[in-house]
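Below you'll find the structure, written out as structure tokens, and then a few comments.
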Amino acid sequence: MRIPIREVSPESGRAEVAGWVHEVRDLGGLAFFLIRDRTGILQVTVPKKKVSEAVLSGMKEVSRESLVRVSGIVKAIDKAPGGRELIPDCFEILSRSGSPLPLDVSEKVPAELDTRLDSRFLDARRPRVTAVFQIRSRVMRTVNEFLFSRGFINITSPKIVAAATEGGTELFPIAYFEKEAFLNQSPQLYKQMMMAAGFEKVFEVGPIFRAEEHNTTKHLNEATSIDIEVSFTDHHGVMSLLEELVVHTYRDVGEHCQGALEALGIDRLPTPKTPFPRLSYGEAIELAAGKTGESIQYGDDIGTAAEKAIGEHMGEHYFIVDWPTAIKPYYAMPYEQDPEISKAFDLMHPRMELSSGAQRVHDHDLLVQQIQSKGLNPENFEFYLEPFRYGMPPHAGWGLGAERLVMTMLSLGNIREAILFPRDRHRLTP
RNA sequence: GCCCAGGUGGUGUAGUGGCCUAUCAUGUCGGCCUGUCACGCCGACGACUCGGAUUCGAAUUCCGACCUGGGCGCCA
């Protein structure tokens, strides 16, 4: 019976493992093989005079990164990694690896991100890369569990849509039989429509597509969005929920991914302090102006330099609230007493924006008015506007970038590290 | 899209006009080695992105193309 390498211990006596040949050190009469599976690395020690012909011929033929099945006696040895080693009586090659390898899995020689992504399957054999995606998997699981436990209904909205109705970002056009269609930039309109259906709390985790020609370490053209929408609440309600979700996720990863965190050199994952500070847009640009020396006009977007300056000052997760209505989407609810300001917010990590959300406009006529004031044509929004005529509850929601959440949590230098097969301005394969 | 920096064995690099038959490491192959853990030692193999120009001579300078990294912009 094959067991995971992590579970191999001297107490088990005999063990059988299957894994890839990570490294070979042949000292002559004695050879060491490091065998790796997704749970760890085991030293297989071969005293050549004491093992069978079959073992000798197997080890002679094997190449690095070939897949082998090895079984034998486990011995406790202080000198070996993990305090144990396996002396094989069976050493079988299950699948040979070609040579040379496209990159060095053992990481003695580094490889550039581009080289790594070209051979992502091999790159992902590297323990640190495996660790990132084990943690990402845990994050996704936790997010789902958290939202289900709060009574959310999971929905799946279409990714192929008819028109670029939201404005803002560029969309990818696709051919849809005889019509033109687009890949959806966000589930925004659909999750709002489900508020009109009375679902009350919905969430969706799925891909979003943006055809921006950006070339940065924090943008992707296909990203994963964690989206929620909640009825009978306001922006404060969903901000609290977001804060709880982030903290819960950090704590959960800290508790359940110790091995993976260790592989990444993280001894202890600090849980963000709550409540996250709420900084108004006005305070934010004032702070940025003071730090950078550049004046920011009220109503300007917060650029990279400003965002960085504010992040360095805050040093932790924080919200920017009370944005000018003019620079937020039409569906963000303006304050009743001051319609120039909207009930919109961004959740910021010191390094970048993680999420943005708002209380939404639920009044049909106000929504039409806001669409017009953005220079858009309400006629193009008919399918979206219709639910607002038949009892739309007040509601609020947000969208959270899954890659950015993982990237900032693990201090990854490039968002491409947080997604298996990134799609960026230039990369369409693998 | 703009700007900057790059493109040298499988991988990561050194090399700014002749000293390049191109450095080092890793890798691969062969040899030696019974406690390695970046094993060590000896030997071998393997590369200048493409096209044009300048020059007696180009990896090195210039022009163009393609590709890559980064910064900015754009981006609910």
Side-chain angles (χ1 to χ4, degrees), chain A residues 22-34 41-51 63-65 75 77-83 85 87 97-119 122-123 126 165-171 184-189 192 208-221 223 225 227 301-308 320 323 325-332 342 344-347 352-358 360 370 374 397-401 404 413-414 416 424-427:
Chain A
H22 191 67
E23 260 185 86
V24 181
R25 286 191 276 274
D26 189 343
L27 272 56
L30 186 66
F32 300 100
F33 290 82
L34 300 184
I41 291 179
L42 173 68
Q43 174 167 294
V44 172
T45 303
V46 184
K48 291 185 190 170
K49 285 179 184 163
K50 295 178 188 166
V51 298
S63 56
R64 284 164 89 224
E65 294 306 318
K75 287 185 175 166
I77 292 270
D78 285 343
K79 291 181 222 170
E85 66 181 9
I87 316 294
S97 171
S99 179
L101 296 162
L103 56 85
D104 174 18
V105 177
S106 71
E107 293 192 276
K108 280 182 198 163
V109 181
E112 289 195 359
L113 185 58
D114 188 51
T115 306
R116 293 171 45 208
L117 292 176
D118 281 342
S119 302
L122 258 193
D123 179 55
R126 295 176 170 213
T165 48
E166 288 183 63
T169 192
E170 295 287 318
L171 300 189
N184 208 177
Q185 67 189 93
S186 119
Q188 179 64 31
L189 305 187
Q192 284 193 263
I208 56 171
F209 305 92
R210 299 186 180 185
E212 299 295 335
E213 297 192 8
H214 32 47
N215 192 244
T216 76
T217 53
K218 56 185 183 188
H219 288 91
L220 293 165
N221 293 291
S225 179
D227 260 276
D301 228 320
I302 297 177
T304 309
E307 188 177 293
K308 202 178 156 202
I320 300 179
W323 287 77
T325 304
I327 55 171
K328 281 292 175 185
Y330 57 81
Y331 48 74
S342 68
F345 60 86
D346 282 3
L347 171 64
M352 72 191 76
E353 178 187 333
L354 294 183
S355 168
S356 71
R360 321 298 191 186
Q370 295 236 339
K374 296 284 175 189
W398 41 254
L400 168 65
R404 287 188 175 189
N414 192 315
R416 294 165 183 80
D424 63 29
R425 177 67 185 85
H426 302 290
R427 181 173 288 278

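First the proteins, then the strands, lettered A, B, ... as listed; each starts at 1.
The shortest side-chain heavy-atom distance between A/Asp104 and A/Arg64 falls under the 4.5 Å cut-off. With contacts defined as side-chain heavy-atom distances shorter than 4.5 Å, the pair A/Gln188/A/Pro329 does not qualify.
The phosphate of B/rG70 (OP1 or OP2) has a side-chain N or O of A/Asn414 nearer than 4.0 angstrom.
Both A/Gly28 and A/Asp78 lie close to RNA chain B; mapped to their nearest nucleotides by heavy-atom distance, the more 5′-ward contact belongs to A/Gly28. In terms of position along RNA chain B, the nucleotide closest to A/Leu103 lies nearer the 5' end than the nucleotide closest to the other residue of the pair A/Leu103 and A/Pro47.
Taking atom C1' on both nucleotides, B/rA22 is separated from B/rG17 by 15 Å, rounded to a whole Å. Remark: the separation of the P atoms in B/rC50 and B/rU8 is 11 Å, to the nearest Å. A distance of about 28 Å separates the C1' atoms of B/rG9 and B/rC37, rounded to the whole Å. B/rG6 sits 13 Å from B/rU13 when the P atoms are compared, rounded to a whole Å. Nucleotides B/rC3 and B/rU21 place their C1' atoms 41 Å apart, quoted to the nearest Å. Using atom P as the reference point in both B/rG43 and B/rC63, the two lie 44 Å apart (nearest Å). Rounded to the nearest Å, the gap between the P atom of B/rA14 and that of B/rC72 is 25 Å. Taking atom C1' in both B/rU68 and B/rG27, one finds a spacing of 23 Å when rounded to whole Å.
Closest non-hydrogen pair, A/Ile208 versus A/Pro187, comes out as CG2-CD, 4.1 Å. Closest of all the heavy-atom pairs between A/Gln43 and A/Phe32 is NE2-CD2, 3.3 Å.
As judged by a 4.0 angstrom heavy-atom cut-off over every strand, A/Glu65 is placed among residues making no nucleic acid contact. In this structure, A/Arg425 reaches the sugar-phosphate backbone alone: every heavy-atom distance under 4.0 Å involves primed, P, OP1 or OP2 atoms, never a base. If you check every strand for non-hydrogen atoms under 4.0 Å, A/Ala80 touches a base. Residue contacts for A/Ile77: at a heavy-atom cut-off of 4.0 Å it reaches a base atom on one of the strands shown.
Under the Watson-Crick and G-U wobble criteria, each requiring two contacts below 3.5 Å, nucleotide B/rU16 is left unpaired. With a cut-off of 3.5 Å on both Watson-Crick or G-U wobble distances, the partner of B/rA5 is given as B/rU68. Using the Watson-Crick or G-U wobble rule with both distances under 3.5 Å, B/rU36 pairs with nothing in any strand shown. Remark: B/rU26 base-pairs with B/rG10; criterion is Watson-Crick or G-U wobble with both hydrogen-bond distances under 3.5 Å. Across all strands shown, the partner of B/rC62 is B/rG52, judged by Watson-Crick or G-U wobble contacts whose two distances both fall under 3.5 Å.
Nucleotide B/rG35 holds its C1' atom 11 Å from the CD1 atom of A/Ile87, rounded to whole Å. When rounded to the nearest whole Å, the span between CG of A/Leu27 and P of B/rC41 equals 13 Å. In this structure, the CD atom of A/Gln43 is 16 Å from the P atom of B/rU34, given to the nearest Å. Rounded to a whole Å, the CG atom of A/Asp346 is 14 Å from the P atom of B/rC75. Put simply, NZ on A/Lys48 is 12 Å from C1' on B/rU36, counting in whole angstrom units. At whole-Å resolution of the value, CE in A/Met352 and P in B/rC75 are 18 Å apart. When rounded to the nearest whole Å, the span between NZ of A/Lys374 and C1' of B/rC75 equals 14 Å. With rounding to whole Å, A/Lys79 atom NZ is found 10 Å from B/rU34 atom C1'.
Here the CD atom belonging to A/Gln192 is positioned 10.5 Å from the CG atom belonging to A/Asp227, to the nearest 0.5 angstrom. A/Glu307 CD to A/Ile302 CD1: the interatomic distance, rounded to the nearest 0.5 Å, is 7.5 Å. Here OG1 of A/Thr304 is found 11.0 Å from CE of A/Met352. Values are rounded to the nearest 0.5 Å. Separation of atoms CZ (A/Arg210) and CG (A/Asn184) is listed at 9.5 Å; rounding is to 0.5 Å.
No donor-acceptor pair closer than 3.5 Å links the side chain of A/Ser97 to the backbone N or O of A/Ser63. In this structure, A/Lys374 contributes its side chain and A/Ala326 its backbone to a donor-acceptor pair below 3.5 Å. A donor-acceptor distance shorter than 3.5 angstrom exists from the side chain of A/Arg404 to the backbone of A/Lys218, with no hydrogens or angles considered.
The base of B/rG7 is not paired with the side chain of A/Glu112 by any donor and acceptor separated by under 3.5 Å.
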Measure all distances between protein nitrogen or oxygen atoms and nitrogen or oxygen atoms of nucleotides 65-67 of chain B, and list the pairs falling under 3.5 Å.
none

Enumerate all atom pairs, one protein N or O and one N or O from nucleotides 71-74 of chain B, separated by less than 3.5 Å.
residue: B/rC72; atom: N4; partner: A/Asn215; partner atom: O; Å: 3.3
residue: B/rG73; atom: OP2; partner: A/Thr304; partner atom: OG1; Å: 2.3
residue: B/rG73; atom: O6; partner: A/Asn215; partner atom: N; Å: 3.3
residue: B/rC74; atom: O2'; partner: A/Glu212; partner atom: OE1; Å: 3.3

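In this view, A/Lys50 satisfies the salt bridge (Lys or Arg N to Asp or Glu O under 4.0 Å) rule with no residue, not counting sequence neighbours. Taking A/Asp114 as the reference, A/Asp118, A/Arg427 meet the side chain to side chain contact (heavy atoms under 4.5 Å, CB included) condition, with sequence neighbours excluded. Residues meeting the side chain to side chain contact (heavy atoms under 4.5 Å, CB included) test with A/Ala344, sequence neighbours left out: A/Trp323, A/Lys328, A/Ala332, A/Ser342, A/Ala358.
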>> Walk along nucleotides 22-30 of chain B from 5' to 3' and tag each nucleotide B, S or - by protein heavy-atom contact under 4.0 Å, base first, then sugar-phosphate.
In response: ----SSS--
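Of the candidates B/rC75, B/rG12, B/rG70, B/rC75 carries the atom nearest the A/Arg210 side chain, counting heavy atoms from C-beta on. Closest to the side chain of A/Glu23, from the set B/rA38, B/rG12, B/rC33, is B/rA38.
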